[in-house]
S.K.: 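Got a structure for you, questions after.
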Number of protein chains: 2
Amino acid sequence: MVMKKKTISAARPRRAGAATTAIPESTDSASMFDPVERAPAYTKVSSAIEHKIMSRALRGGDVLPAELELAQQFRVHRSTVREALRQLESAGLVTRPPGAKRMIVSRPEAAKVASGMRHALVLHEVSFVDVWEAMMVIEPEVAALAAMRRTQADLVTLTQTSEAFRDSPEGDPDSVNIVALFFEQLGAASRNQVLVLAKQSLAQALAPSLARMIDTVPQARARITDAQKRIINAVRDKNAEEARKWMSKHVRDFKRGYEVAGISPDTPISV
Amino acid sequence: MVMKKKTISAARPRRAGAATTAIPESTDSASMFDPVERAPAYTKVSSAIEHKIMSRALRGGDVLPAELELAQQFRVHRSTVREALRQLESAGLVTRPPGAKRMIVSRPEAAKVASGMRHALVLHEVSFVDVWEAMMVIEPEVAALAAMRRTQADLVTLTQTSEAFRDSPEGDPDSVNIVALFFEQLGAASRNQVLVLAKQSLAQALAPSLARMIDTVPQARARITDAQKRIINAVRDKNAEEARKWMSKHVRDFKRGYEVAGISPDTPISV
DNA sequence: AAAGACGGACTGTCGGACAATAGGGCAATT
DNA sequence: AATTGCCCTATTGTCCGACAGTCCGTCTTT
């Protein structure tokens with residue numbers, strides 16, 4: 001009754017490895033052989049599926065075959081498929097709509113990507129100035145683009161958001177989110193997905209410390225409201241140069257705020 | 001002999017769900033209840049570990065406990081832990097050094113994050129102009145920063161890379177990588193992690209089509225070599241303004257190249 | 001001391017099992 | 001007709017248990 005495994009597993013393709021004990025990095029002695037390619041099955045499965053998705057053979061919205069069927073197709077155990085699916089899931093390539101059974105193919109949303117970037121920034125102990133510097137590079141240009149391409153609808157949502165911020169109560173922990181939303185909407189108005197993605201990461205990374213800053217510096221709220229208003233006006237007038245200028249001031253103001261709040265520019269951004 | 005599971009599983013904490021049949025998205029009728037929190041165990045496990053990592057309770061380089069031990073601590077089965085680990089693995093938060101047993105905590109590397117972003121860009125069918133536009137925003141500023149902060153060592157590597165490109169044979173499929181490397185090194189010289197991360201994504205996304213462009217447009221190689229040389233000179237002289245200007249020209253040239261190669265600016269970037 | 005042999009600790013993968021749920025269909029009820 | 005109850009199947013979430021492959025440190029052997 002115990003032999004079931006022995007025989008089968010001997011015939012089954014196991015690992016490809018032949019393991020050079022300890023894998024010395026040295027390639028100094030004439031390298032005759034390439035390092036043997038060794039990847040766990042779950043990785044192979046996940047990259048096979050990933051490929052299908054990236055090459056658009058599987059398109060967003062398609063439902064993935066059931067785990068068992070995948071397992072049969074790949075000739076691996078269901079657990080192995082599941083591990084592969086978990087990878088794809090955390091990469092945002094597949095998703096399960098809440099309360100649904102099957103996985104569907106999905107495109108990684110901006111928020112997803114941004115959170116990956118935020119992880120990286122936090123763990124690399126990137127300092128506040130670095131993020132700020134990146135904002136100084138990106139935001140003014142985004143504002144300029146937004147000024148050129150905005151629609152009437154953009155203008156409306158921007159205005160609403162700005163007013164929501166102005167009217168948000170003093171210690172409201174949601175204020176930061178509104179500020180972030182303003183930036184996000186401005187990004188949307190720029191009609192450039194790429195910049196939106198990049199911006200969002202920065203906003204996410206900055207949010208926690210920004211919250212502290214706003215709560216610490218009394219005049220912060222007023223200054224932000226004012227800057228937003230001027231930016232909106234520039235965007236309304238399709239005045240790119242003006243939008244760029246005010247956004248530049250606005251971002252520069254953030255740094256001033258940090259200084260006033262006594263937060264060192266070298267503070268690593270945190271969770 | 002079959003009851004072993006029944007009893008145990010009844011005592012074990014199962015899903016928390018109570019499933020509102022079909023989950024209507026409507027929140028229009030006065031929402032009295034919050035949606036019941038329903039997350040699979042593997043998710044809870046992975047976010048528990050993720051938290052420990054993000055809060056730096058587990059720091060980069062630490063070895064994670066063995067799967068079995070984790071399973072015992074979380075009181076779940078090893079398979080469940082494994083699924084959680086796969087998520088963290090593809091997020092780049094944990095890694096297994098080739099040929100090592102235990103997982104170690106790691107910081108997501110730039111390449112990792114960039115590839116996530118590339119997925120997103122490709123799947124959102126972002127067009128070439130969008131990426132190009134983002135480059136137009138970022139690269140010149142990076143060049144300027146690099147000019148201000150470069151060290152002697154940066155200068156050396158940049159020069160080497162540029163020469164490597166100049167000397168790379170006509171149809172060498174590696175040429176693009178060298179171009180990308182030049183950008184990457186310039187990013188490194190800017191001493192800003194954040195921008196490096198953003199740049200790398202763009203470079204990755206652009207690489208495939210750039211390769212085609214270089215191979216199609218005869219004068220491309222010469223123009224790139226020339227631009228690189230001028231940028232290096234500006235960086236050498238710590239002349240930020242000049243570096244910005246030439247990088248701007250350089251990137252603009254890419255677009256011209258695409259036009260000459262007959263690639264439409266609206267082509268979605270691809271794998 | 002170098003070269004093996006040995007055993008324990010882990011991972012990769014598998015087979016198998018069972019509970020819970022989604023989704024559909026069908027009948028009973030209102 | 002709309003609602004509700006009930007059953008059935010496909011599929012996921014989780015677990016148990018097992019074993020081969022591999023890493024690594026220790027103990028022999030030469």
Side-chain angles (χ1 to χ4, degrees), chain A residues 1-24 36 38-46 63-72 74-87 89 94-104, chain B residues 1-24 36 38-46 63-72 74-87 89 94-104:
Chain A
M1 254 288 192
V2 199
M3 55 56 191
K4 64 180 173 188
K5 190 60 183 318
K6 272 277 174 52
T7 48
I8 298 178
S9 95
R12 216 187 307 132
R14 287 243 152 212
R15 279 178 161 234
T20 61
T21 330
I23 304 182
V36 60
R38 168 152 47 153
Y42 62 77
T43 302
K44 291 189 189 161
V45 170
S46 89
V63 294
L64 230 48
E67 293 173 356
L68 195 58
E69 191 179 325
L70 286 173
Q72 284 160 351
F74 284 111
R75 303 282 183 72
V76 296
H77 193 257
R78 187 161 77 99
S79 318
T80 307
V81 169
R82 292 192 115 243
E83 291 183 31
L85 289 181
R86 293 299 89 80
Q87 297 214 174
E89 188 180 21
V94 304
T95 293
R96 188 190 327 286
K101 207 112 248 222
R102 310 279 282 273
M103 287 273 195
I104 64 168
Chain B
M1 250 290 190
V2 200
M3 56 56 189
K4 66 181 173 190
K5 190 61 182 319
K6 271 276 174 52
T7 49
I8 299 178
S9 93
R12 216 186 307 133
R14 285 243 154 213
R15 281 198 177 211
T20 61
T21 330
I23 303 179
V36 61
R38 169 150 50 148
Y42 63 77
T43 303
K44 292 190 187 159
V45 170
S46 88
V63 295
L64 229 48
E67 295 172 357
L68 194 58
E69 192 179 324
L70 286 173
Q72 284 160 352
F74 285 111
R75 303 282 184 75
V76 297
H77 194 258
R78 187 161 78 98
S79 316
T80 306
V81 169
R82 289 190 116 250
E83 291 184 31
L85 289 180
R86 293 299 87 83
Q87 294 210 183
E89 187 180 21
V94 304
T95 293
R96 188 190 325 289
K101 210 104 250 228
R102 310 278 280 272
M103 285 274 195
I104 65 168

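The model shown is predicted, which means the values in this text are computed figures rather than measured ones. All chains are named by letter (A, B, ...) in the order of the sequence lines, taking the proteins before the strands, and each is independently numbered beginning at 1.
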S.K.: Any chance you could lay out the salt bridge (Lys or Arg N to Asp or Glu O under 4.0 Å) test for A/E83 and A/R86, step after step, and finish with the verdict?
M.R.: CA-CA 5 Å; A/E83 291 183 31; A/R86 293 299 89 80; over 6 Å; no

S.K.: Of the listed nucleotides (C/dA20, C/dG12, D/dG13), which one gets closest to any side-chain atom of A/K101?
M.R.: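 The answer is C/dA20, which lies nearest to the side chain.
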
S.K.: Taking only the side-chain nitrogens and oxygens of A/R78, find out if one of them lies under 4.0 Å from OP1 or OP2 of C/dC14.
M.R.: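 No, A/R78 has no side-chain N/O under 4.0 Å of OP1/OP2 on C/dC14.
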
S.K.: Got a donor-acceptor contact below 3.5 angstrom from the A/R96 side chain to the A/K101 backbone?
M.R.: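 Indeed, once roles are kept as given, a pair shorter than 3.5 Å links the two residues.
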
S.K.: Within less than 4.0 Å of OP1 or OP2 of C/dA22, is there a side-chain N or O belonging to B/R38?
M.R.: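 For C/dA22, OP1/OP2 do have a side-chain N/O of B/R38 under 4.0 Å.
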
S.K.: Find the distance A/F74:CZ to C/dT13:P and express it as a whole number of Å.
M.R.: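 Interatomic distance, CZ of A/F74 to P of C/dT13: 13 Å.
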
S.K.: To the nearest Å, give me how far apart CZ (A/R82) and C1' (D/dT12) are.
M.R.: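 In whole Å, D/dT12 C1' and A/R82 CZ are 6 Å from each other.
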
S.K.: Nearest to the side chain of A/R86, heavy atoms from C-beta on, is which of D/dT11, D/dG13, C/dG12?
M.R.: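 Selected nucleotide (nearest to the side chain): D/dG13.
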
S.K.: Just how far, in rounded Å, is C1' of D/dG13 from NE2 of B/H77?
M.R.: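 For the pair B/H77 NE2 and D/dG13 C1', the rounded distance is 13 Å.
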
S.K.: Rounded to whole Å, how long is the line connecting atom CD of A/E89 with atom P of D/dT12?
M.R.: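 Taking atom P of D/dT12 as the reference, CD of A/E89 is at 12 Å.
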
S.K.: Reckon A/T80 has a side-chain N or O less than 4.0 Å from the OP1 or OP2 of C/dC14?
M.R.: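 Indeed, a polar side-chain atom of A/T80 lies that close.
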
S.K.: Should B/R96 be listed as having a side-chain N or O under 4.0 Å from OP1 or OP2 of D/dC23?
M.R.: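 No, because none of the side-chain N or O atoms of B/R96 sits under 4.0 Å from OP1 or OP2 of D/dC23.
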
